[in-house]
Structures are given as C-alpha cells and as structure tokens.
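Okay, structure first, notes after.
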Amino acid sequence: MNVVLLGAPGAGKGTQSSKICEKLGICHISTGDIFRKHIAEKTPLGIVAKTYIDKGQLVPDEVTVDIVKERISKDDCKNGYLLDGFPRTVAQAEALEDFCIIDRVIDIDVPFELLLHRLTGRRVCPNCGASYHVDFYNDKNCSSCGETLIQRDDDNEETVGLRLNVYKRQTAPLIKYYKKAGVLVTVDGSKDSEDVFSDIVEALK
Ligand code: AP5
Ligand code: MG
C-alpha cells in the first residue's frame, strides 16, 4: 500500500508516520528528514536545502522529486511506503503520478492556532528521530536511545509563521487535488495522538 500523509507543519505527520509504518509494515519516507540528514552531513544537497529550510521556504520541486523517485526505487519500498511531507505542491503531485500509484491520502487537519504551540514546544532526538512536546515530556534525553534532545532550527516562532504561510499558499491546494482524485480521507488531528492513530487506521481499511 502506498500512502501520502498531508498536513500543515506540526499537524502530527511524523508522530503518526512511525506508528502507521509499523502497523502496515511499509517504509517511512520523510523528505524533511532526508534534507536534515544531508544538512547534518554538510553534503552539497544539504548546503542548498538549508538555504530554503532556514527561511521556511520549500526546497525546489525538481530537487525534491528526484530524491523521492530515487528513494522509492529501493528494495525496502517493495511492500509499499508512506510519504510524509511529499508532495507539497501540485507540481510535485503531478510529477509523482509519473512513477507511482497512490492508494490513499490522509489529511491530518489541525486548527492553525494549535500548530504554533505544538512546533515551538517540540523537542526532537537527533539520533533516532523521536519527537516530543515539552507539555508531555520534561526529560532532556530521548526515552528510546538516551541522546540529548534538541529543538529544530526551523521551530522558532518567526520561521514557523513563514512555514504556515507557505503551507496555506502552496500545499493546501493539494486537499482539493486529492479529493477530486477520490483518494482523500481527512482526520481530526486536534484529538489525542492515540485517537488520531485509530482514525487513521480506520481510514486505511
Ligand atoms: P518537514 O520536516 O516535513 O516539516 P513540516 O511539514 O513543517 O512538518 P513538521 O515535521 O514540522 O510537523 P509534523 O506534522 O511532522 O508534526 P510532528 O509529528 O513532529 O519539512 C521541513 C522543511 O523541509 C520544509 O519547511 C521545507 O523547507 C523542506 N521540505 C520538506 N519536504 C519538502 C517537499 N516535499 N518539497 C519542498 N520542500 C520540502 O508533531 C509536532 C509536535 O506536536 C510534536 O511536539 C508532537 O509531539 C506534537 N503532537 C503531535 N501530534 C499531537 C497530538 N495529537 N496532540 C498533541 N500534540 C501532538
Ligand atoms: Mg515531521
């Protein structure tokens, strides 16, 4: 099964992705995580991607599409994959159709006023990628691997504002796009994380 997870920054895409992939036995592909790995390793792609990500802008479509195309051709994607944060523009969705069939698109819908709080309070593990919120988790270290948690560079209030504007202008039109294609299911992402997961599991049946 090939799934796309849509949703604004902070909607809970990363939080739900790991659970969905574990349940369905499919591969998790997050373009944001791929870019952050390149940035940490200071690769040529990482150096270019950082100039966009730091400003809350999208990395150009042609760069992003090639990365996804290459990633889903790998063996671990044979049983299916979940795309987290891709596509993010109509041009990316159109390009994706040339090399993959999407079975279901889940849109995690969260009111905008909640998103800023979720993102500025998020702490992530640079080692295993686990994500926490200061409201629910006070420890300075990751509960899975023990690494010191960090705040993402783009989770400051100013950059979050820019990311939310980019979402409204460039990504939200995909809701209509996938509704028209008949593959979209919207879930209420403001619920408790476990309830959101149950709704997603139901939507994937
Ligand atoms: P990316 O890493 O994809 O970031 P994003 O889309 O902005 O989304 P986030 O990862 O910030 O949020 P999330 O929905 O995963 O929320 P999470 O589960 O962590 O992309 C980063 C950048 O890379 C982009 O800005 C762009 O520059 C570039 N990029 C990536 N893909 C691209 C593409 N396709 N094209 C071009 N450029 C691209 O949850 C957030 C917080 O809320 C956490 O603290 C979590 O614990 C908490 N939380 C989650 N669910 C709940 C809940 N139900 N209740 C309470 N709290 C919750
Ligand atoms: Mg994420």
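All figures in this text were calculated on a predicted structure; none of them were measured in a lab. Remember, it's 1-based here, ligands and their atoms both numbered in the order they're listed. Scope of the values below: all heavy atoms of this structure, side chains included, with no hydrogens, waters or symmetry mates.
Atom CD1 of Ile108 and atom CD of Gln16 lie 5.5 Å apart (nearest 0.5 Å). Note that OG of Ser30 and CZ of Phe35 are 9.5 Å apart. Values are rounded to the nearest 0.5 Å. A distance of 9.0 Å separates OG1 in Thr51 from CD1 in Ile39, rounded to the nearest 0.5 Å.
By the 3.5 Å distance cut-off applied to N or O atoms, Asp84 is not counted among the residues near ligand 1. Taking only nitrogen or oxygen atoms, main chain and side chain alike, Arg163 reaches within less than 3.5 Å of ligand 1. Checked by distance only, ligand 1 and Gly121 stay at 3.5 Å or farther apart across all their nitrogen or oxygen atoms. Residue Gly10 has at least one nitrogen or oxygen atom sitting less than 3.5 Å from a nitrogen or oxygen atom of ligand 1, judged on distance alone. Between Asp192 and ligand 1, a contact under 3.5 Å exists for no N or O pair. Close N/O approach between Tyr52 and ligand 1 is not found [any backbone or side-chain N/O within under 3.5 Å]. The distance criterion of under 3.5 Å between nitrogen or oxygen atoms is met by Arg122 with respect to ligand 1. At least one N or O atom of Thr31 sits closer than 3.5 Å to an N or O atom of ligand 1. Ligand 1 has an N or O atom lying under 3.5 Å from an N or O atom of Gly85, backbone or side chain. At least one N or O atom of Gly12 sits closer than 3.5 Å to an N or O atom of ligand 1.
Within the structure, the closest approach of Ser30 to ligand 1 does not fall below 4.0 Å when heavy atoms are considered. A heavy-atom separation below 4.0 Å is found between Tyr132 and ligand 1. No heavy atom of Gly7 sits closer than 4.0 Å to any atom of ligand 1. Heavy atoms of Ser190 come nearer than 4.0 angstrom to ligand 1 in no pair at all.
If you number the atoms of ligand 1 from 1 as listed, the ones under 4.0 Å from a heavy atom of Gln92 come out as 33 (C), 34 (N), 35 (N), 36 (C).
With no hydrogens or angles considered, a side-chain donor-acceptor pair links Thr159 and Asn156 at under 3.5 Å. Side-chain contact annotation: Asp61 with Thr89, donor-acceptor N/O pair under 3.5 Å present.
A salt bridge does not link Asp84 to Lys13: none of the charged side-chain nitrogens sits closer than 4.0 Å to a carboxylate oxygen.
Scanning the protein for heavy atoms near atom 47 (C) of ligand 1, the closest one is Arg118 CD, 4.2 Å.
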